[in-house]
Amino acid sequence: MHQSVLVTGASSGIGEATAVHLAHKGFRVFAAARRIEKLNALKALGGGKITPVALDVTDDASIKTALAEIENAGAVLYGLVNNAGVSVMGPVELVSSDEWRRQFETNVFGLVAVTRAVLPQMRGAGRGRIVNIGSIAGRIAAPFQGVYASSKHAVEGLSDSLRRELAPHGVKVSVVRPGFINTPFGHQEQEALERFENEGPYADQVKTFKAWHARGHPSAPGPSVVAEAVHNALTAQRPHSRYTAPPKMLGALAMRNLFPSAVTDRIFERVNGLNAHRKEEN
Ligand SMILES: NC(=O)c1ccc[n+]([C@@H]2O[C@H](COP(=O)([O-])OP(=O)(O)OC[C@H]3O[C@@H](n4cnc5c(N)ncnc54)[C@H](OP(=O)(O)O)[C@@H]3O)[C@@H](O)[C@H]2O)c1
């Protein structure tokens with residue numbers, strides 16, 4: 001059976017790789033984002049199974065129009081992959097309130113709005129899968145990542161509630177947590193950090209953190225590892241509540257769960273070089 005799935009944020013990176021992977025696995029994929037020209041280019045890679053849909057997850061009217069388009073195409077959604085996301089990096093103290101709001105508008109309220117819009121259909125059918133793209137940052141919050149990490153912590157919490165609320169309705173919910181993945185996201189994060197590395201009270205720390213971050217993204221795995229995890233969440237008879245991609249990141253999560261913060265803080269500081277900036281209380 002060719003099941004239909006909506007993938008948000010499909011014009012780049014993980015969403016793009018997921019749309020193509022799911023199309024190759026036989027899904028009918030509605031690939032959604034704001035940059036429709038990028039989605040039109042993606043169509044050619046999907047063997048006739050990818051339909052581009054213009055969608056801004058922060059705009060209720062846009063969500064309504066996109067879902068009407070999918071309905072007019074005769075599809076009933078079996079799956080929703082909430083992948084669209086942005087990353088606002090910088091010190092918690094210095095990131096502007098507008099930027100804080102922009103982060104949550106996309107990663108949290110946008111995800112909630114799209115989910116709420118598809119749920120009546122899924123509940124009506126008594127079946128469906130929702131896959132929320134979280135992040136390792138939804139469990140481990142690095143410094144200068146507080147804005148983004150708090151949005152991904154929110155995704156973890158709301159996914160737990162949703163999973164429990166929807167279980168009696170036949171709709172299953174999973175979180176896929178990518179670690180560092182080599183996509184344009186890394187450049188976006190570097191640019192965001194640039195604003196804070198030359199002046200202000202955190203400049204030296206930001207410079208050190210940014211250098212570590214710059215080394216991480218290019219050497220990270222490509223997005224196909226996440227696309228495979230999404231496919232598992234959509235097709236397993238009993239999907240896990242959480243998938244970690246790549247699985248080697250499970251080590252970092254285990255460490256976070258097993259050791260007290262005083263220990264993990266020291267370990268993570270050594271990894272990213274911020275131990276050089278540590279000052280004990282006067
Ligand atoms: N790359 C990583 O290391 C990493 C790690 C952990 C988690 N993640 C998560 O994985 C997801 C995808 O990230 P990525 O690495 O693939 O980033 P990316 O290459 O920058 O892609 C982000 C996607 O989100 C879409 N998007 C942003 N704002 C949107 C909006 N308002 N409405 C609709 N679409 C919107 C963008 O499309 P348009 O601009 O065309 O709308 C784009 O397709 C995000 O949720 C991110 O938090 C990434």
Side-chain angles (χ1 to χ4, degrees), residues 1 3-10 13-32 57 76-85 106-123 125-140 149 151-179 181 183 221 223-250 252-254 256-257:
M1 193 203 299
Q3 284 159 333
S4 296
V5 59
L6 169 61
V7 180
T8 69
I14 290 170
E16 179 182 302
T18 300
V20 173
H21 186 68
L22 295 178
H24 289 172
K25 291 285 184 185
F27 280 89
R28 181 179 186 190
V29 180
F30 291 90
V57 300
V76 176
L77 288 177
Y78 174 72
L80 166 64
V81 182
N82 280 312
N83 164 76
T106 308
N107 292 18
V108 184
F109 305 137
L111 178 151
V112 171
V114 179
T115 303
R116 284 157 53 121
V118 305
L119 273 181
Q121 203 182 73
M122 286 187 183
R123 274 192 300 95
R127 62 202 281 274
R129 300 279 167 109
I130 294 174
V131 183
N132 292 331
I133 305 298
S135 171
I136 291 295
R139 294 293 286 162
I140 301 172
S151 77
K152 291 298 185 180
H153 274 68
V155 170
E156 291 275 340
L158 73 88
S159 300
D160 275 338
S161 291
L162 257 186
R163 190 182 67 255
R164 291 165 181 149
E165 286 172 13
L166 292 173
H169 298 273
V171 180
K172 297 183 162 64
V173 180
S174 300
V175 178
V176 171
R177 295 165 165 164
I181 301 293
T183 72
S224 62
V225 66
V226 185
E228 281 163 25
V230 172
H231 180 253
N232 288 342
L234 287 170
T235 55
Q237 200 175 1
R238 288 189 195 83
H240 299 172
S241 64
R242 295 204 161 61
Y243 294 81
T244 302
K248 73 172 185 193
M249 291 308 297
L250 285 167
L253 291 176
R256 180 229 186 254
N257 293 337

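This is a predicted model, so every value here is computed, not measured.
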With rounding to the nearest 0.5 Å, note down the distance linking [atom1] in [X] to [atom2] in [Y].
X    : Y    : atom1 : atom2 : value
H153 : L158 : NE2   : CG    : 13.0 Å
R177 : L253 : CZ    : CG    : 5.5 Å
R163 : N132 : CZ    : CG    : 11.0 Å
E156 : K152 : CD    : NZ    : 9.5 Å
F27  : L234 : CZ    : CG    : 5.0 Å
K25  : E228 : NZ    : CD    : 7.5 Å

Positive for side chain to side chain contact (heavy atoms under 4.5 Å, CB included) with K172, one of R127, H240, R129: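 Option passing the side chain to side chain contact (heavy atoms under 4.5 Å, CB included) with K172: R129.
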
Please give me the minimum heavy-atom distance between [X] and [Y], naming the atom from each residue.
X    : Y    : result
V131 : V176 : CG1-CG2, 3.6 Å
M122 : L80  : CE-N, 3.8 Å
L77  : L6   : CD2-N, 3.7 Å
A229 : A245 : CB-CB, 4.3 Å
V29  : A19  : CG2-O, 3.6 Å
P246 : P221 : CG-CG, 3.8 Å

Say whether, by atom type as modelled, one donor and one acceptor occur between the side chain of T244 and the main chain of L250 under 3.5 angstrom. no

Return yes if some donor-acceptor pair links the side-chain N/O of S174 with the main-chain N/O of S241 below 3.5 Å, else return no. no

Report yes if some heavy atom in the side chain of Y243 is under 4.5 Å from a heavy atom in the side chain of P247; otherwise report no. no

Side-chain donor-acceptor contact under 3.5 Å, N82 with T115: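 N82 vs T115: donor-acceptor pair found between side chains.
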
